[in-house]
Amino acid sequence: MTQETGGFAALELHPSIVAAVLATGYEEPSAIQQQSIPIILAGHDMIGQAQTGTGKTAAFALPILHRIDPSKREPQALILAPTRELALQVATAFETYAKQMPGVTVVAVYGGAPMGPQLKAIRNGAQIVVATPGRLCDHLRRDEKVLATVNHLVLDEADEMLKLGFMDDLEVIFKAMPESRQTVLFSATLPASIRAIAERHLREPKHVKIQSKTQTVTAIEQAHLMVHADQKVSAVLRLLEVEEFDALIAFVRTKQATLDLASALEAKGYKAAALNGDIAQNQRERVIDSLKDGRLDIVVATDVAARGLDVPRITHVFNVDMPYDPESYVHRIGRTGRAGREGRALLLVTPRERRMLQVIERVTGQKVAEVRLPNAQAVLDARIKKLTNSLAPLVADAESTHGDLLDRLTADIGCSPRALAAALLRKATNGQALTLEAVEKEQPLVPTYTPRERTGDRPERGERERGAPMPLGEGRARCRTALGARDGIAAKNLLGAILNEGGLAREAIGRIQVRDSFSLVELPEEGLERLLTKLKDTRVAGKQLKLRRYRED
Ligand code: AMP
């Protein structure tokens, strides 16, 4: 066992849970996991103050899986989540962590899907129920005993649930469960309404809070970029084109991600390597030495593997995956700006992680400015600048050393000096694209997400009226359904149905545009036909979805 796996192993979770967690590539528990897991394992009630992105799902899922009895085929744990999307995510997380626990089943219960199969799954012995409060109350109205055997209750994102008006539903649900149950409440904020719930329904709860000390990081210029998770690698490649870096460290969350990103970078010609907890200590030292002396320019690391790394050459830190907490953000970006030099830190933020960005800004006491992806013109300019910089110093005495050779070659070949210089340039750039069209073709613009997606799912009015589809994201295909606003459809209904029936990750689905009489959805090009077949019989708002590939010409 490596030093890092000791982190999870030391938590006294069932070995099959630890094995599943390590198989997903987590190297060590995040702060919220470290603190919450022992408390929940010991059976205490708990209030956890943590944001999305801190690893809070595993912080409750792992100890709860440990505490249920797989041989009993009845609901034992209930997780309440504010939205269908979060309920599905949490259910998927449970399934991942329970992969090596035969007999454990998870059911997600939410509105917009038929009730029958959900109830059947509960009656068939699912031990873990992940539900939105509204739909769960519908089930309780049909069968008030549904929750009678539940011993563990988790309220996930409790503040969001209250904001969505679920207070009354929560009270109904509390009453339908045994009083002896364990209750764990997670919330990003603790307003009076949440404290009142805790007062009434939790017994001597232990408090866990991810400490947010104010920290300053003045020498480092910070920026963030909004991007969908499945577009991160393309975004990184594009950013690297224009950033003038000496050495760079990119942080990701899992070992697999270190390998994937490092090989994508190598394929583009960067001198890059992965650094993760699976790599033997002496090999890690070799990677760091190479970064120090310039044999490598980019290291893609997990937090654990990069601990203590001190390489003065590092000018840039890319937070490709969000850190778990503001402290590790500060720690990560502290890898640059060493010894009084200037550094630059970039943070990629997916739609789910916007809150974490705000927390980071609060804790560091600094605004992390938003940047946009450089466009093709900027990439082209950067490439030409690099070429200029590399050639300029060579010009000085070249004529005296190679001028005669040039004369002879142009005469022998029978070409102009311009033609020969152009040929040499082509060779020097390995035939790299140095025209706007070529850059555009080689690097299709990565979709960053739009303000509409940031604020909700309804398109802006003007946009809806104009009716023009937005530019299509890389690797995506546009699909059309004849269902639109006049059928009572909102983007979230389409999203829910496709996530649910198509078995896709949220990030796999691009923009959704709902018009009056039809809607457009961006889906992954890869496996599209299979996905459309899967969605063949899907209904939304009682009508057949009938999603088809949409040809724009
Ligand atoms: P959450 O805060 O639960 O939404 O988790 C945020 C992300 O962190 C999810 O994608 C998890 O898969 C991932 N994650 C959670 N715990 C760990 C860990 N200990 N190591 C690496 N990744 C983790």
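Just follow the structure's listing: the first ligand is 1, and inside any ligand the first atom is 1.
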Top protein contact for [atom], by heavy-atom distance:
{"atom": "atom 19 (N) of ligand 1", "value": "Glu28 O, 2.9 Å"}
{"atom": "atom 16 (N) of ligand 1", "value": "Gln33 NE2, 2.7 Å"}
{"atom": "atom 6 (C) of ligand 1", "value": "Arg253 NH1, 3.1 Å"}
{"atom": "atom 12 (O) of ligand 1", "value": "Tyr26 OH, 2.4 Å"}

Indicate the ring-plane relationship of Phe60 and Phe186, choosing parallel, tilted or perpendicular according to the 30° and 60° boundaries.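 Judged by the thresholds at 30° and 60°, the geometry between Phe60 and Phe186 is tilted.
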Look at the aromatic rings of Tyr97 and Tyr26 and report parallel, tilted or perpendicular, splitting at 30° and 60°.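 Rings of Tyr97 and Tyr26: perpendicular, over 60°.
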Sub-3.5 Å donor-acceptor pair from the side chain of [X] to the main-chain atoms of [Y], do we have one?
{"X": "His66", "Y": "His14", "answer": "yes"}
{"X": "Thr54", "Y": "Tyr324", "answer": "no"}
{"X": "Glu27", "Y": "Gly277", "answer": "yes"}

contact_flag Arg352 ligand 1 heavy-atom lt 4.0 Å: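 Yes; Arg352 lies near enough to ligand 1 that a heavy-atom distance drops under 4.0 Å.
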contact_flag Thr54 ligand 1 heavy-atom lt 4.0 Å: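 Distance cut 4.0 Å: Thr54 passes for ligand 1.
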More than 12 heavy atoms from other groups under 6.0 Å of NZ on Lys163: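 Check passes, neighbour count above 12.
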Out of Phe8, Tyr324, Phe186, who is nearest to atom 21 (C) of ligand 1 when you count heavy atoms only?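 Looking at heavy atoms only, the winner is Tyr324.
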Say whether [X], considering both its backbone and side-chain N or O atoms, lies within less than 3.5 Å of an N or O atom on ligand 1.
{"X": "Tyr97", "result": "no"}
{"X": "Ala58", "result": "no"}
{"X": "Glu27", "result": "no"}

Under 4.0 Å from a heavy atom of Thr57: give me the atoms of ligand 1 that qualify, with their elements.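 Taking each heavy atom of Thr57 in turn, ligand 1 has 1 (P), 3 (O), 4 (O) under 4.0 Å.
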Assess whether salt bridge (charged side-chain N to carboxylate O under 4.0 Å, His left out) is satisfied between Lys271 and Glu266, documenting all intermediate values. CA-CA 6 Å; Lys271 292 185 282 175; Glu266 274 193 300; over 6 Å; no
Got Leu80 and Val130 here, is their nearest side-chain heavy-atom distance under 4.5 Å?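 SC-SC contact between Leu80 and Val130 ruled out.
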